[in-house]
K.L.:
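One structure, as structure tokens, below. Some questions next.
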Number of protein chains: 2
Amino acid sequence: MTRSEENYIKAIYHLSGGGMHSVPTNAIATQMDTQPSSVTDMIKKLSDKEYVHYKKYRGVHLSEKGINTALTIIRKHRLWEVFLADKLDFNWDEVHDVAEQLEHIKSEKLIDKLDEFLDFPKYDPHGDPIPGKNGELAQRSLQLLSAMKPEEEGICVGVKDSSVSFLKFLDKHNIALGDHIKILDVEEFDESLNILIESKKLHISKRIATNLFIKPIPA
Amino acid sequence: MTRSEENYIKAIYHLSGGGMHSVPTNAIATQMDTQPSSVTDMIKKLSDKEYVHYKKYRGVHLSEKGINTALTIIRKHRLWEVFLADKLDFNWDEVHDVAEQLEHIKSEKLIDKLDEFLDFPKYDPHGDPIPGKNGELAQRSLQLLSAMKPEEEGICVGVKDSSVSFLKFLDKHNIALGDHIKILDVEEFDESLNILIESKKLHISKRIATNLFIKPIPA
DNA sequence: ATTAATATTTAGACAAATCTAAAAATTAAT
DNA sequence: ATTAATTTTTAGATTTGTCTAAATATTAAT
Ligand SMILES: [Mn+2]
Ligand SMILES: [Mn+2]
Ligand SMILES: [Mn+2]
Ligand SMILES: [Mn+2]
């Protein structure tokens, strides 16, 4: 697998909801910031190598082989993210770009040893689950903050939008993974929320709330 | 810099004794396992970008810029080697191939943080010095084992040949960096040596002795 | 000083990954 | 059911890094 093939496979995996549904050419082009014609070329190659099923004009669908390949790349990506954040003190908005390179390093031993060195983490710095050596994927108890009601409590376990701008926003307002959150009330007008983060009062927009995953604490 | 350009620069650096003398095309081709014509092509590109000085048929000479570039690549290579050996328990004959890939990861912050995480090591697992952030290179007190006389003692600090086969040989005979070595006697016939390694008697050929660097302990 | 051997460069080709512009298929709108 | 808009594919070109075969320059041998 070339680096480019790997990047395509990963993009298709994400766009297809983990290989569930098929993905149109243009969606891949947008995601990868390339021309649709380039995507068609690459799709043909991936199809020849049987990573995807492909019918002209009908989009692509990841094969079993393609899904497994995607999972090992994602595993590497997220393990490296943990390494950068936990061991090298990278900020969570800085890890992605470097992991985008590190995910292509070829050495099974390296990644297994790294996994062990990091103490077999289950989630990356954004709360995304890390696939296991055999592709098994822990499920996140994914409740969006926006779906919670007054008086409910939980722990912040992930972000839906992991763009640099959103992560920086969270840093600025001192919102981090692992934080304890309690809903005070919800404005009827714009669905913005008044919450307690680690016992500190904060007002956040609906937009923010729809991008934070919370693991609820039963009352 | 592309990955290929970086590999050429590094090869030229090593073949030229750190940029001291110039290097013929064929030497590079042999080292990189490519055709001389490919080397010529690449040399032209590197010359355009001013990493090397080049006169047709006269070989290449690294420029100041080229030397600095080589040193940062070597710095990355050796820091990653330390990481693999010290943190992930790689054997010293296993680190090179993976470092060959990791050295091309682009992120200044990554390498500075890694350096700090490893506690600013001065030497890689083969005893080669690690260039500093500004290219300064620690000198090894390089005395070859083959140059030592009976009764002299020292510490094994590096290998001249870092091929996998030689490193495996050393592992097999329990010779490692940091080991204490004392010369018992030298056979006049084949210049083979009887030595004490960590107080254990061992007989080694001249060939071996010319590939081990020793830091002498004054008697 | 020629000639022979060796080293190096040029010329032309190829695979990978991309692009632009044009053609074709699909889907949406009338 | 046509027509229009959109999506996707094809055709042909470009860049990077490589190769083989042939030409040229350098060095060594007579
Ligand atoms: Mn990537
Ligand atoms: Mn992530
Ligand atoms: Mn390399
Ligand atoms: Mn080394």
K.L.:
Spell out, as yes or no, whether a donor-acceptor pair under 3.5 Å connects the side chain of A:R78 to the backbone of A:I130.
P.N.:
no
K.L.:
Would you mind reading off the distance between B:D48 atom CG and D:dT15 atom P, rounded to a whole angstrom?
P.N.:
14 Å
K.L.:
Would you say A:Q35 places a side-chain N or O within less than 4.0 Å of OP1 or OP2 belonging to C:dT18?
P.N.:
no
K.L.:
To the nearest Å, give me how far apart CE (A:M32) and C1' (C:dT18) are.
P.N.:
11 Å
K.L.:
Please report, rounded to the nearest Å, how far the C1' atom of C:dT18 is from the CE atom of A:M42.
P.N.:
9 Å
K.L.:
I need the full list of side-chain hydrogen bond (donor to acceptor under 3.5 Å, both in side chains) pairs touching residues 92-101 of chain B, with sequence neighbours left out, sorted by first then second residue.
P.N.:
A:K109-B:E94, B:K10-B:E100, B:H77-B:H96, B:E81-B:H96, B:W92-B:D171, B:H96-B:E100
K.L.:
Whether the side chain of A:S63 engages the backbone of A:E50 through a donor-acceptor N/O pair (distance < 3.5 Å, no angle test) should be reported.
P.N.:
yes
K.L.:
Can you tell me if A:T34 uses its side chain to pair, donor with acceptor, with the backbone of A:T30 under 3.5 Å?
P.N.:
no
K.L.:
Residues in side chain to side chain contact (heavy atoms under 4.5 Å, CB included) with B:K160, at least two apart?
P.N.:
B:L144, B:N211, B:F213
K.L.:
Sugar-phosphate means primed atoms, P, OP1 and OP2; the rest is base. With that split, encode nucleotides 8-16 of chain C 5' to 3' as B, S or - using protein heavy atoms under 4.0 Å.
P.N.:
BBB-----S
K.L.:
Do the two ring centres, one from B:F83 and one from A:F83, sit under 6.0 Å apart?
P.N.:
yes
K.L.:
Is A:S4 near enough to C:dT18 that one of its side-chain N or O atoms lies under 4.0 angstrom from OP1 or OP2?
P.N.:
yes
K.L.:
Rounded to whole Å, please give me the gap between CZ in B:R3 and C1' in D:dT18.
P.N.:
16 Å
